[in-house]
Student: 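What follows is a single structure, and I will ask about it in a moment.
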Amino acid sequence: MNAPTSALVAQRPERLRLVGQRRQILAVMHQRLMFGMLVYAGVIALIVARILFLAAFGDHAGRKVGITALIPERGDIVDRDGQPLARTIDAWTIGIHPTRIIGDRLDIARALARLMPERDAATYFAMMRSGKSFYYLRRRASPELVEAVNALGEPGLAIDREPDRLYPQTSLAAHVIGYTDVDGRGTAGIERAFDEQLSSPATRGGPVTLSISSRIQQALEHELLAAMTTYSAIGAAGIIMDIHSGEVLAMTSLPQLNPNAAGKGSEEARFNRATLGVYELGSTFKPFTLAMAMDSGVVRSMGQLYNCPASLSIGRFSITDTHPFKRPCSVAEIMKESSNIGTAQIAAQVGAARQRAFLEKMGFMGTVGIELKERARSLTPGSNWGEIATMTVGYGHGIAVTPLHLASGYATLFNGGIYRPATLLKIDRTHPAGKGRRVFSEETSYKMRALLRLVVTQGTGKKADAPGYRVGGKTGTAEKLLGGRYTSSAVVTTFAGVFPMDEPRYVIVAMLDDPKATADTYGFHTAGWNVAPVVSRTVSRIAPMLGVRPDKRREPNLAEVLPFVRATED
Amino acid sequence: MSGRSFRSVFMVASCAGAALGCYLVSLRVASERAALERVETRIVLAQRDIRLLQTEIGTRGRLAQLERWNVKVLALSAPSADQFLDGGFALAKMVAPRGKVDLDAPVVLAAAPAGGPRPQVVGRQQPQQDPDEGVSASQMLHVASLKREVRPEPKAAPSPAAAKPAPEPAADRPVTAVKAPAPKAIAKAKSAASDPLAPLGAAAKPNKLAAAESRDSGRKQ
């Protein structure tokens, strides 16, 4: 009994030891298993959590990223009625990768020459053998051409879309809108002035709204171009402005420019005469001189008399008139017949200091106030502003300003005497009108109405009258400086007008550079013959659009000036 | 016993079910959102197409082109100042019949009392009957006022033709009225028609209106 027991006893510790070892091993295994399971569970939990997260908030495979709003590559430019003047569209471009061409190069060159005849087959062939990696063959290609090129089936021909600037109205207001370079950066006009706003992703979604009205712009451009062709002028400029807000409704410079292919235009065509060209604008300055005199108390009545001989000698200069009075003449007559002699005397009475101060306040002494970057400084006598300079500036010689200066000046003179910088942006809540400053008194502004209406009803500007629209204004014919001498053979003719004169609202300035006389003008090339009719035709076209009602029974109070005008002898 | 042992299984199953439900809901939301985005994308693409087409139309119909067509073909010009009128009255004045001075018309004194001396009738008429029989002084009296009720309504006319007298011979009607006294209503209507100051009444009414009125009067009869 013992033996087995002893055996049993003897064996027990062994077994027990084994059992203990086993248990230990099992425990370790359990621990390891548990650890592994926890790791797996953790990983799986992570994956599940990620999947759930993705399912709830994440993207899915079919999702298209990108287009959620229509934001063009570059902002639109629209006119005041919302008509697009510049837009960016996706255009087709055709290019060629000469190194990737597989087919017969000669055949491809011939096919390309047939489709795009601007280059011949030899040129295309030379391109393909040049070893360069890429050539543009055609930008802004038509869909038909793209289809035909695609049908050639040559992998070396690259057909692609890229954003392209398009000016739907072509040459309309080209100098205002400007144009961009190949990379889409503005190089002129509004495109240049507002380049940041047009290209920044934050702002390019909305258009830049101009104060230009396309219909008015078109009327002005058409009439000016017709006159420019008729009188063989080398250039022309025109501006129509709202006198109260300073908004430019139309601004043109001729010869025309197509901004879609600005590079093909001549230097002359790219030049903006309205803001960048400075001209001696002649007699159109006379109303300013008179207003200065009235404002400073030099001229108190339209009937104030000045001696108007056949010619007035100051030092070694002599001033002459085209229609000399050879008698004492009233202020009203001086303006009506555009007398240089009379105006020079008024200017001399005003004096250089006051003249400068007024011109400074009207913005005539510096760069013209507008958003464009292409704008010029006026040319003034500067330090040489003596008595003679005062006299000549009085009738618009010896000072060269841009047509926009002139339009701003007339707006100042007739809106009650407040200068406001011109603007090309539509005035609304986002863009309030510029801050004004008083230049002339309201009374002076009021008195000038009848005077300028008189010029059109009886004086030099008869042809500018548009029946019923009460146009008032002043003609100006200035001789050009050619080779350092003034010559009567080349002139700049200008008409600066305001309508309707009984309640002025709009100013129109039209200018022809070097118009020639024709048979219809009886050999004259003065402003009354060539540029005044442009104003008449333009005003009768645009005034109904601007809401100016024609009324033949309304006139400004001409009783203020008529008593001081001697009836003509004939 | 069995319930307790399966409790954990139930727990796991309900947890899994809840998770699945949540997942299905989120899947549904995601798919709706994707559908919405697809629609939005299509809207944007359509807008882009519209913009492209508008640009093309704008370019083809640009103002310079319209101007060229106008110069070559249409030759439209700006309206002249005379084409603008002050309002409806000025427009109506343009179509009103002109008052023609009839030298043969009887001279009627405005102050002539109804029973007073008869109007002197001079000129060409040959009175078959006594002219005073057909014309009373109140008929000869022209009322210079815009009050319409003074003028008798022509609907009492016996026939539609009588209700719309032609405007042409209306000018010298007073004389004919005197010459051949017609039924009273017609005579009245005609004297009104001859009045140049009368507003657009039966005489100057466009034919359509007059016809409509005559139809009305026909129905009333």
Side-chain angles (χ1 to χ4, degrees), chain A residues 48 51-72 76 83-85 87-90 166-173 214-215 217-219 221-222 225-226 256 258 260 466-470 537-545 549-553, chain B residues 15-16 18-72 76-87 90:
Chain A
V48 167
I51 286 172
L52 283 175
F53 174 78
L54 284 180
F57 309 107
D59 296 346
H60 60 87
R63 174 160 162 160
K64 290 191 196 90
V65 264
I67 329 167
T68 45
L70 192 64
I71 295 179
D76 287 358
Q83 289 290 321
L85 295 176
R87 262 187 173 170
T88 294
I89 54 159
D90 279 345
L166 178 78
Y167 303 92
Q169 298 285 354
T170 57
S171 65
L172 190 82
S214 341
R215 295 182 301 161
Q217 175 82 26
Q218 172 62 33
E221 273 185 22
H222 178 77
L225 186 64
Q256 286 177 309
N258 184 359
N260 288 313
Y469 293 107
R470 294 94 75 192
R537 280 196 295 267
T538 311
V539 168
S540 28
R541 258 181 86 170
I542 65 170
M545 297 180 204
R549 237 181 86 196
D551 194 338
K552 287 184 169 172
R553 288 162 302 180
Chain B
C15 277
L20 197 68
C22 287
Y23 173 71
L24 282 177
V25 166
S26 93
L27 193 68
R28 174 109 184 116
V29 168
S31 69
E32 284 296 324
R33 189 177 292 155
L36 189 67
E37 267 168 23
R38 267 200 300 280
V39 171
E40 274 176 356
T41 308
R42 276 174 57 200
I43 289 173
V44 169
L45 288 177
Q47 276 175 342
R48 204 182 63 184
D49 287 350
I50 290 171
R51 191 177 139 90
L52 210 65
L53 289 174
Q54 272 178 345
T55 311
E56 182 165 353
I57 291 172
T59 311
R60 288 183 192 277
R62 59 187 184 271
L63 286 165
Q65 181 67 49
L66 298 182
E67 182 92 46
R68 210 170 300 142
W69 285 336
N70 187 40
V71 168
K72 280 186 186 160
L76 299 174
S77 63
S80 76
D82 297 323
Q83 281 171 274
F84 290 83
L85 291 175
D86 286 332

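So you know, we letter chains A, B, ... as the sequences are listed, proteins then strands, and number each from 1.
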Student: Can you name the nearest heavy-atom pair linking A:V539 to A:P544, along with the distance?
Tutor: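 Result for this residue pair: O-CD, 4.2 Å.
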Student: Could you tell me whether A:R470 and A:D551 make a salt bridge, using a distance below 4.0 angstrom between a side-chain N and a carboxylate O?
Tutor: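 No.
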Student: To check you understand the geometry: which heavy-atom pair defines the closest contact between B:T55 and A:P168, and what is its length?
Tutor: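 For B:T55 and A:P168, the tightest heavy-atom pair comes out as CG2-CG, 4.4 Å.
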Student: For the interface with chain B, which of A:R541, A:E221, A:Q83, A:R87 has the highest count of heavy-atom pairs at distances below 4.5 Å?
Tutor: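 Looking at each of A:R541, A:E221, A:Q83, A:R87 in turn, A:R87 comes out on top.
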Student: Counting heavy-atom pairs closer than 4.5 Å to chain A, which one of B:D82, B:T59, B:L63 comes out on top?
Tutor: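 Most heavy-atom pairs under 4.5 Å with chain A: B:L63.
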Student: Minimum heavy-atom separation for B:A81 and A:P550, please, with both atom names.
Tutor: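 For B:A81 versus A:P550, the nearest heavy atoms are CB-CB, 3.6 Å.
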Student: Report the option among A:T170, A:L172, A:I542, A:D90 that has the most heavy-atom pairs separated by less than 4.5 Å from atoms of chain B.
Tutor: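 Ranked by heavy-atom pairs under 4.5 Å with chain B, first place is A:T170.
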Student: For B:L52, is it the side chain, the backbone, both or neither that has a heavy atom under 4.5 Å from a heavy atom of chain A?
Tutor: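 For B:L52, side-chain heavy atoms alone lie under 4.5 Å from chain A.
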Student: Tell me whether B:R68 at atom CZ has more than 12 heavy atoms from other residues, nucleotides or ligands lying less than 6.0 Å away.
Tutor: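 Yes.
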Student: Quick one: what part of B:V71 sits under 4.5 Å from any heavy atom of chain A, side chain, backbone, both or neither?
Tutor: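 Side chain of B:V71 only, per the 4.5 Å heavy-atom cut-off to chain A.
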Student: Is A:L166 in contact with chain B via its backbone, its side chain, both, or neither, using a 4.5 Å heavy-atom distance?
Tutor: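 A:L166 touches chain B through side-chain heavy atoms alone.
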Student: Apply salt bridge (Lys or Arg N to Asp or Glu O under 4.0 Å) to B:R33 and B:E37, showing your working.
Tutor: CA-CA 6 Å; B:R33 189 177 292 155; B:E37 267 168 23; 5.7 Å; no
Student: Pick one of side chain, backbone, both or neither for A:D76, based on which atoms fall under 4.5 Å of a heavy atom in chain B.
Tutor: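 Contact with chain B involves the side chain of A:D76 alone.
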Student: Let me know if A:R549 has heavy atoms under 4.5 Å from chain B in its side chain, its backbone, both or neither.
Tutor: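 The side chain, not the backbone.
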Student: Is chain A contacted by the side chain of B:R51, its backbone, both, or neither, given a heavy-atom distance below 4.5 Å?
Tutor: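 Both the backbone and the side chain of B:R51 come within 4.5 Å of chain A.
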Student: Which pair of non-hydrogen atoms, one from A:Q256 and one from A:S171, has the smallest distance, and what is that distance?
Tutor: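 In this case the closest contact between A:Q256 and A:S171 is NE2-OG, 3.3 Å.
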Student: How long is the span from the CE atom in A:M545 to the CZ atom in A:R215, to the nearest 0.5 Å?
Tutor: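 Reported to 0.5 Å precision, the distance equals 5.5 Å.
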Student: What part of B:I57 gets closer than 4.5 Å to chain A, counting heavy atoms only: side chain, backbone, both or neither?
Tutor: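 Contact with chain A involves no heavy atom of B:I57 at all.
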Student: Less than 4.5 Å to any heavy atom of chain B: does that hold for the side chain of A:Y469, its backbone, both, or neither?
Tutor: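 A:Y469 touches chain B through side-chain heavy atoms alone.
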